[in-house]
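Given the structure is predicted, the values throughout are model-derived calculations rather than measurements. Convention: sequence-line order gives letters A, B, ...; per-chain numbering from 1.
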Amino acid sequence: MPSSICWKCLSTTLTQPLRHGSIKPRIPIYLPTLAFSTTPSFQLPLPAKKSSGVKVTPKKGTKSLVIKKGKFQAENRARRPAPGERKALRKRIVLSNVNALEVQGMQNIEVENMSDQRVEGQVLRLPGPIVDQLRAVEAFKPTQSWGLFQSPGTLMRRETVDMGKLIADMSGEEGGSRRTVKMVLVGEKGSGKSMMLLQAMTMAFLKGWTVINLPEAQDITIGHTSYQPLPSSPPSYIQPAYLTNLLRNLPTANPHLESLQFSQPTSSDLPIPIPPNISLARLASLGASDPEIAYPIFNLLITELLSPGRPPVFLGLDGLAHAMQDGTGYTAPNLKPIHPYQLMILEWYFKFLAGRRRLPNGGIVMAATSQSNAPKVPSLDLALSKLEGSVVTRAGQTVPQKERNPFMRYDERVMDTLKPGRGIQVQRLPGLSKEEARGLMEYWAKSGMVRERVSEGLVAEKWAVSGGGVVGELERAVIRMRV
Amino acid sequence: MFHIPPPINGPRRHPYPRFCNSQTPNMVFILGLNFPESRLVKSALSSFYGIGPRHTQRLMSKLYIHDTARVGSLADKQVLDLTAELSNMTIENDLRRKLQDNIRRLRDMGAYRGRRHAMQMPVRGQRTRTQTATAGKLNRVERFG
């Protein structure tokens, strides 16, 4: 039955204030303000256009912009990643995982146990402050599986303990400690070369050494940072942005630079006045503040670090082949590619590796080759083979030393740097022994990454599957591959 | 005592290239044209008529600009040098004028190529029974570019 009162009148009386109080509605009436509909607003038909009398045609010669809105455009409303966001995600380094089980009774790597024969085959935890320092020298790689474990730990293999002994020996007060050890790490893919570099840096940090690391030679030679020439002949080039970054990370990586004082008399040919008696950490930050002064400050800092009474120095470089290849991504004004040896930072490093410059307070110059992302450099292969001699594999096969191919052109600069007689050791990292493999697999099992019981049989099987204990392959076989 | 690099790079605007997402990005002036700071120098240079990959590489090598440099990361000196280099080259309208002059010269001397240009027909002996659309579109005495 229709209401006796007109709806429209009621609505006006309810919404407008009453003029006189005699008429009051007794029943509250709820008025719908909008029609309820399940149709989404964008599917509603467009409102009919009001037809205006005069049709306006566009002026002759003018184009009206028409943007077609396709189906894809309407649906794809997700935010696009900001520039650099995807790369940051790709290069992200996760060092702990709260879901992994905590390994009970795991020891920290310390000065006391780093050269101890008894920790051989055990996985030791990297202490927190050292982790920060290693992060600053970019020792961790995104491809390493730190993110599967509660806290970062590393296997003390035989070579690691030997390295620990060497570093402990060189840190002592004896006369023999002031030598410069030059070393190139070789080995097949996944044999732990970058990890060895990390372990050596860890132990150098523990002993209070100054560590300067060039984490990826590819970043230097690929031609993605700014460069400018130095007035030298043959021309040499500096990379201000790279140097700035290196200087910025130095004080974080080496906290002892805070306590070392800048001792040289201030030279007048420096671009900025340097206050006397500032700490070396402050000096490095000064250089990091402006790419223009990074190079002179870097030189000054190195002179300071090599002056008498300073701690030993560790110089690291990963991805040696990139630093010794034929050319770089940079070009000289004559459009010829610049040779890596013309880049000041690599030239500087190779002077120490070749022994043309010494580390007066002792130290280690260590370069790691890479097998996964390396250009083919025949000169490097030949030079390393000549240094190493013939190799006996674990299976008992003898790989003879390489000979010079008369039809190949070799880079004499590379051959000269790695010439026999310069005292460069080539350290080959073989596969793990079964005991080391067992220790590593037990650590994985304790972290909850292995479901089976770690028995003699399982270790033997996985050791064989991984090509005789190649640690990267072992990891792939045990914790990466789930059947 | 130390080699101080020559002042190729003057004071920088930003130590690192800045990526602008805002509506009004900071612009850099090269040869009277504005480029957003986030644009690659390589791309900015080759956007000029008459400058291709080869000239781009030559200019960038000459001024020590690396391949992935953004316009915003250039020093003021480098921007000025680039502008100076570009203003000495025959590019943009000068190059277009040169092209038109060449065609006009051919037409005025009554050469076959000049006549064919004027007739908007293929110039180099292509068939004309079919497929002359490109010639019809481009070949003319007042050719744009």
More than 12 non-hydrogen atoms from neighbouring residues, nucleotides or ligands closer than 6.0 Å to [atom1] on [X], yes or no?
| X | atom1 | result |
| --- | --- | --- |
| Arg282(A) | CZ | no |
| Arg104(B) | CZ | yes |
| Lys141(A) | NZ | yes |
| Asp416(A) | CG | yes |

Side-chain heavy-atom pair Tyr330(A), Tyr64(B) within 4.5 angstrom cut-off
no

How long is the span from the CD1 atom in Ile65(B) to the OG1 atom in Thr331(A), to the nearest 0.5 Å?
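Between Ile65(B) CD1 and Thr331(A) OG1, I get 10.0 Å after rounding to 0.5 Å.
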
Could you tell me the separation between the CD atom of Gln228(A) and the NE2 atom of His66(B), rounded to the nearest 0.5 Å?
12.0 Å

So which part of Leu59(B) gets closer than 4.5 Å to some heavy atom of chain A, the side chain, the backbone, both or neither?
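For Leu59(B), there is no contact with chain A at all, as no heavy atom is under 4.5 Å.
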
Considering non-hydrogen atoms only, spot the tightest contact between Ser61(B) and Ala332(A) and give its length.
CB-O, 3.4 Å

Contact summary for Gly223(A) and Thr68(B), nearest pair of heavy atoms:
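For Gly223(A) versus Thr68(B), the nearest heavy atoms are O-OG1, 4.1 Å.
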
